[in-house]
There are 2 protein chains.
Amino acid sequence: MTPDLTTTTKGPRMEAQDKIETQNETQTEAGTLHQTLVANIRNLLIEGGLAAGQRIPEAELCQRFGVSRTPLREALKVLASEGFIQLRPNRGAILAPLDPDQIAPIFELKGALERLIGLTAAERATEAELSRLSTLHLSLNDTLASGNLATYTQLNYDFHRGLAEATRNAELMQSYDILQQKIWRFRFLVNDSFSRIEESFAEHEQIMIALRARTPLDLAARLEAHNQKTCDAMQRAVAQLDQPG
Amino acid sequence: MTPDLTTTTKGPRMEAQDKIETQNETQTEAGTLHQTLVANIRNLLIEGGLAAGQRIPEAELCQRFGVSRTPLREALKVLASEGFIQLRPNRGAILAPLDPDQIAPIFELKGALERLIGLTAAERATEAELSRLSTLHLSLNDTLASGNLATYTQLNYDFHRGLAEATRNAELMQSYDILQQKIWRFRFLVNDSFSRIEESFAEHEQIMIALRARTPLDLAARLEAHNQKTCDAMQRAVAQLDQPG
DNA sequence: CAGGGCGATTTTGCATTCAGAATTCCGGTT
DNA sequence: AACCGGAATTCTGAATGCAAAATCGCCCTG
């Protein structure tokens, strides 16, 4: 019952393609128009297409995606329930402000999920999943050498998502996805200044070892620590944004 | 006409009032109509106003809540994104089936949240929150004597929600709420057959002790165990539903 | 020139309408 | 009598229309 586990290239939750940019685009995508719209707008917001706190121009999005206001507003309501935008009565929607104070709670919650992922994935991961994660890990190594930050970030996301999938817990996956999407917005905010590739990869090495050894407590601890370090790094990066001197 | 839609008892997430029953009801509630609609329909679904898997009668709900299809469909889309209903393209929405196999994943995830709640609430709860939780705990004790299952369930929910609030983690709260709502549906499913009031209260005693002592690890462990026992009891109750012999 | 009030314009929220898909109904066939 | 096919009906998805709220622009006053 897990919807769409075939994420491959782009950011979190890429159920849909990147664009229905023009007015008369044929919509042959697998999902419904509604789901596509939600995904497209979410990606637009996550990837910084609009400034945080900025008013979301309903009419403009209608034209951009070639739909009328009814389905667009449905999508906005869903995105509001996910916390990406804020609906103000009679005053339209704004992109939810990115408050640096949100980073800690988000990662705190994610830490709890990472622990559960570690505890259960160590026991439940199939051999196929193990080898797929190994492949991803090797790709990470390659990217580390090439120094391509964007690719590394994406592969890193795929790796962690693959680990979460190994838990076979759809509830967990859903929460994990939403958290990752929220973090993704911060990633785009801090952009280049956020790079701890070498350190991150070293932690991944240990994570892979614990996973292959199928030692739940160890894997959980490594994932929690990895999460904590990512949180710290992101908070430092955001702090640097505020006062770049 | 067929389903009895009169709901009385209160469930999780009661931000909104119970009814906008008539056509020309004045809407003076704090939230927007949209939020009210979502909450009302969610309560309706959670509390078993419709059978699981049953088709959701759009027109009937429109009449019931006195709104047109546009805001109603917006609410349905949100509820679908929360997982309470399933949207089938061109074939309407159905109340998401209650699969007993969902119980384990839901409680597994909730266990991870409970642990985090225990770890952090033990340190962050204010004295005011402590005393409020104590009051709730005493009310639980009173209800235990009276044997009122519905009241106990509601107070029990309030208690755990209060504990979650003490974490000061809005992300955690949101995930916790959604999980509780999902569990609430199962509660209404098993109804009376699910009663472990005495045992549950005994666990709450220990939880209160650990909370007052502000011992994070102990509180976390107690909450996790409490969660696990609740899960077990619910699975047994559901199993009994299948074969009531 | 700054600040405030008032009308015009834009935007929102919801109702209504319309095209197309799905379901139902009903008669014909085997 | 059961089954199949097609028309009529119902329902869904989305566009459009409309009233109310909010925003903007302008003018006036101090």
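Throughout, protein chains are lettered first and strands after them, A, B, ... in sequence-line order, and every chain is numbered starting at 1. Note that the structure is a prediction, hence the values are computed from the model and not measured.
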Next item on the list: Rounded off to whole Å, could you give me the CG-to-P distance for the A/L33 and C/dA19 pair?
Entry: 19 Å

Next item on the list: Would you kindly give the CG-to-C1' distance between B/L72 and C/dA15, to the nearest whole Å?
Entry: 13 Å

Next item on the list: For A/N43 and A/A39, indicate whether the former's side chain and the latter's backbone hold a donor-acceptor pair under 3.5 Å.
Entry: yes

Check: Any side-chain donor paired with an acceptor under 3.5 Å for A/D177 and A/Q181?
Finding: no

Check: Rounded to whole angstroms, how far apart are CD1 on B/I56 and C1' on D/dG13?
Finding: 16 Å

Next item on the list: Using whole Å, report how far CG of A/L76 lies from C1' of C/dC14.
Entry: 15 Å

Notebook entry, point to check: Can you tell me how far P of C/dT23 sits from CD of B/E58, to the nearest Å?
Noted result: 15 Å

Margin query: Donor-acceptor pair, distance only, cut-off 3.5 Å: does the side chain of A/S139 make one with the backbone of A/T135?
Written below: yes

Next item on the list: Take the protein atom CD1 of B/I94 and the nucleotide atom P of D/dT12, then report the distance between them rounded to whole Å.
Entry: 13 Å

Checklist line | For atom CG of A/L87 and atom C1' of C/dC14, their distance in whole Å | finding: 15 Å

Notebook entry, point to check: Tell me, for nucleotides 16-23 of chain D in 5' to 3' order, what letter each nucleotide earns: B for a base near a protein heavy atom under 4.0 Å, S for only sugar-phosphate near one, - for neither?
Noted result: BB---SSS

Notebook entry, point to check: Does A/V78 offer a backbone N or O that forms a donor-acceptor pair with the side chain of A/S81 under 3.5 Å?
Noted result: yes

Check: Within this structure, what is the CG-to-C1' distance between B/L61 and D/dT12, rounded to whole angstrom?
Finding: 15 Å

Check: Shortest non-hydrogen contact from A/A166 to A/A121?
Finding: CB-CB, 4.1 Å

Notebook entry, point to check: Out of B/H160, B/K110, B/R115, B/E108, which one pairs with B/N227 under the side-chain hydrogen bond (donor to acceptor under 3.5 Å, both in side chains) rule?
Noted result: B/K110

